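Computed from a predicted model, the values in this text were never measured in an experiment. Below, chains carry the letters A, B, ... as their sequence lines are ordered, and counting in each starts from 1.
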Amino acid sequence: MTKLDYKFYSRRNVVQIARNLPGKLLVTNVGGECTSGRIVETEAYGGVTDRASHAYGGRRTARTEVMYAKGGTGYVYLCYGVHHLFNVVTNAKDIPHAILIRAVEPVQGLEMMLQRTGKKQMDYTLTSGPGNLSKALGIDVRHTGIDLTGDTIFIADDGFSVHPGDIVTSSRIGVAYAGKDADLPYRFFLKGNKYVSGRKH
DNA sequence: CGACCGATCGTCT
DNA sequence: GACGATCGGTCGA
């Protein structure tokens with residue numbers, strides 16, 4: 001089990017990194033509980049030139065400031081007043097690239113995930129969708145700005161191998177407001193995985 | 001199955 | 001004062 005390091009996150013091509021993440025393990029140690037899930041769906045957000053990005057046009061606010069941190073930083077924000085969405089910041093400091101983790105497959109800490117989400121029984125909705133996976137893994141806005149090479153939240157390679165042909169590419173979910181950038185092929189997910197949210201093509 | 005809708009609040013205009 | 005990188009429920013076909 002190898003924790004992904006600064007070298008992995010600091011690469012320039014955010015789309016490439018987003019394609020590399022499915023199959024990796026997202027691990028959280030929150031409230032003394034260790035939970036983890038295998039990443040099955042991601043979306044790249046291309047910074048200042050991407051209309052779908054919170055940092056489009058170089059927008060810099062209190063909320064988006066962490067997007068300008070160095071690669072390997074966590075960016076968590078509240079969506080619709082209800083959901084905490086977890087992103088991985090990539091590239092160098094001052095280049096606001098980010099990758100939204102949209103779904104994971106539960107691996108460790110099932111009981112804790114059920115408790116956190118208030119679900120009675122295990123089913124695919126437990127960690128399908130960016131809001132649901134954050135809740136199950138105990139991630140919330142308190143974690144924005146966190147160093148992903150630390151021990152609280154990190155991503156690891158546990159040797160699980162993904163064939164390139166098993167990764168499906170599509171446009172992103174819920175970004176219709178982004179004009180032509182809504183069509184960019186920036187979403188990646190594992191073919192046939194039941195935890196993938198939204199369109200399966 | 002798809003379309004629609006309410007929840008709920010921090011953030012930006 | 002409007003709105004969102006969502007979710008789960010309801011309603012109709």
Side-chain angles (χ1 to χ4, degrees), chain A residues 14-15 17-19 21-22 26 37 39-69 71 73-91 95-106 113-146 148 153 155 168-189 193-201:
Chain A
V14 65
V15 178
I17 302 174
R19 188 184 285 120
L21 286 176
L26 174 58
I39 296 171
V40 300
E41 182 184 359
T42 65
E43 281 179 0
Y45 285 83
V48 302
T49 61
D50 182 355
R51 301 181 99 88
S53 170
H54 292 160
Y56 175 63
R59 222 154 52 97
R60 208 162 177 148
T61 66
R63 178 183 64 153
T64 63
E65 188 59 32
V66 286
M67 296 183 78
Y68 293 82
T73 300
Y75 167 46
V76 185
Y77 77 98
L78 186 63
C79 185
Y80 293 102
V82 186
H83 307 289
H84 299 255
L85 272 54
F86 174 70
N87 294 253
V88 176
V89 173
T90 66
N91 211 308
I95 299 181
H97 287 179
I99 297 166
L100 173 66
I101 307 300
R102 290 193 55 89
V104 306
E105 176 171 342
M113 294 192 210
L114 287 169
Q115 192 177 317
R116 282 173 178 150
T117 57
K119 290 183 189 292
K120 303 275 187 283
Q121 44 192 335
M122 176 64 197
D123 70 14
Y124 75 93
T125 65
L126 185 64
T127 55
S128 177
N132 286 338
L133 81 87
S134 294
K135 194 168 187 180
L137 294 178
I139 299 171
D140 63 53
V141 293
R142 290 173 307 177
H143 297 113
T144 201
I146 200 170
L148 298 178
I153 302 176
I155 300 175
V168 184
T169 304
S170 82
S171 57
R172 294 170 291 186
I173 304 291
V175 296
Y177 62 87
K180 64 176 172 48
D181 288 347
D183 299 326
L184 291 170
Y186 280 7
R187 173 172 177 249
F188 303 96
F189 59 92
N193 189 286
K194 63 183 173 179
Y195 291 92
V196 172
S197 67
R199 309 186 310 266
K200 306 290 192 292
H201 55 86

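- Within the structure, every side-chain polar atom (N or O) of A:Arg187 is placed at least 4.0 Å from both OP1 and OP2 of C:dA5.
- At whole-Å resolution of the value, NE2 in A:His84 and C1' in B:dT11 are 14 Å apart.
- The aromatic ring of A:Tyr80 does not sit over the base of B:dA7; the criterion of centres under 5.5 Å apart with planes under 30° is not met.
- Backbone-only engagement by A:Val175 is indicated by non-hydrogen atom pairs under 4.0 Å involving sugar-phosphate atoms exclusively.
- With hydrogens and angles ignored, the 3.5 Å screen pairs no side-chain donor or acceptor of A:Arg51 with any backbone N or O of A:Ala182.
- A 3.5 Å limit on both hydrogen-bonding distances identifies no Watson-Crick or G-U partner for B:dT8.
- When atom types are taken as modelled, the side chain of A:Glu41 and the backbone of A:Ser197 share a donor-acceptor pair closer than 3.5 angstrom.
- Picking from B:dA7, C:dG8, C:dA5 the nucleotide with the shortest atom distance to the side chain of A:Thr125 gives C:dG8.
- In the set C:dA5, C:dG4, C:dC7, the nucleotide with an atom closest to the side chain of A:His54 is C:dA5.
- Taking every heavy atom of both residues into account, A:Ile155 and A:Leu26 meet most closely at CG1-CD1, 3.8 Å.
- Across all strands shown, A:Lys119 has heavy atoms under 4.0 Å from sugar-phosphate atoms exclusively, and none from any base.
- Checking A:Thr169 against A:Arg19 by side-chain atom types alone, no donor-acceptor pair falls below 3.5 Å.
- As judged by a 4.0 angstrom heavy-atom cut-off over every strand, A:Leu78 is placed among residues touching the sugar-phosphate backbone only.
- Summarising the geometry, the separation between CZ on A:Arg199 and P on B:dC1 is reported as 17 Å, rounded to the nearest angstrom.
- Looking at the side chain of A:Thr61, the nearest of the listed nucleotides C:dA5, B:dT11, C:dC7 is B:dT11.
- As rounded to the nearest Å, B:dG10 and C:dG8 have C1' atoms that lie 22 Å from one another.
- In this structure, OH of A:Tyr56 is placed 17 Å from P of B:dC12, rounded to the nearest angstrom.
- Base contact: A:Asn87 has a heavy atom under 4.0 Å from a base atom.
- Atom-to-atom, CG of A:Leu133 to C1' of C:dA5 comes out at 13 Å; the value is rounded to the nearest Å.
- Side chain of A:Tyr45 to main chain of A:Tyr56: no donor-acceptor pair is present (N/O by atom type, distance under 3.5 Å, no hydrogens or angles).
- The CD atom of A:Glu65 sits 15 Å away from the C1' atom of B:dT11 (whole-angstrom rounding).
- The pairing partner recorded for C:dA5 is none, the criterion being a Watson-Crick or G-U wobble arrangement whose two distances lie under 3.5 angstrom.
- Atom pair A:Leu85:CG and B:dC9:C1' shows a separation of 14 Å (rounding to whole Å applied).
- Distance from the side chain of A:His83 is smallest to C:dC7 among C:dA5, B:dA7, C:dC7.
- The A:Arg59 side chain lies nearest to B:dC12 when the options are C:dA5, C:dG8, B:dC12.
- Residue contacts shown for A:Arg172 are absent, as no nucleic acid heavy atom lies under 4.0 Å away.
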Practice task
Evaluate the side-chain contact (heavy atoms from CB on, under 4.5 Å) criterion for residues A:Val175 and A:Tyr186: first the C-alpha distance (whole Å), next the side-chain angles of each, then the deciding distance (0.1 Å), finally the verdict.
Solution key: CA-CA 11 Å; A:Val175 296; A:Tyr186 280 7; over 6 Å; no
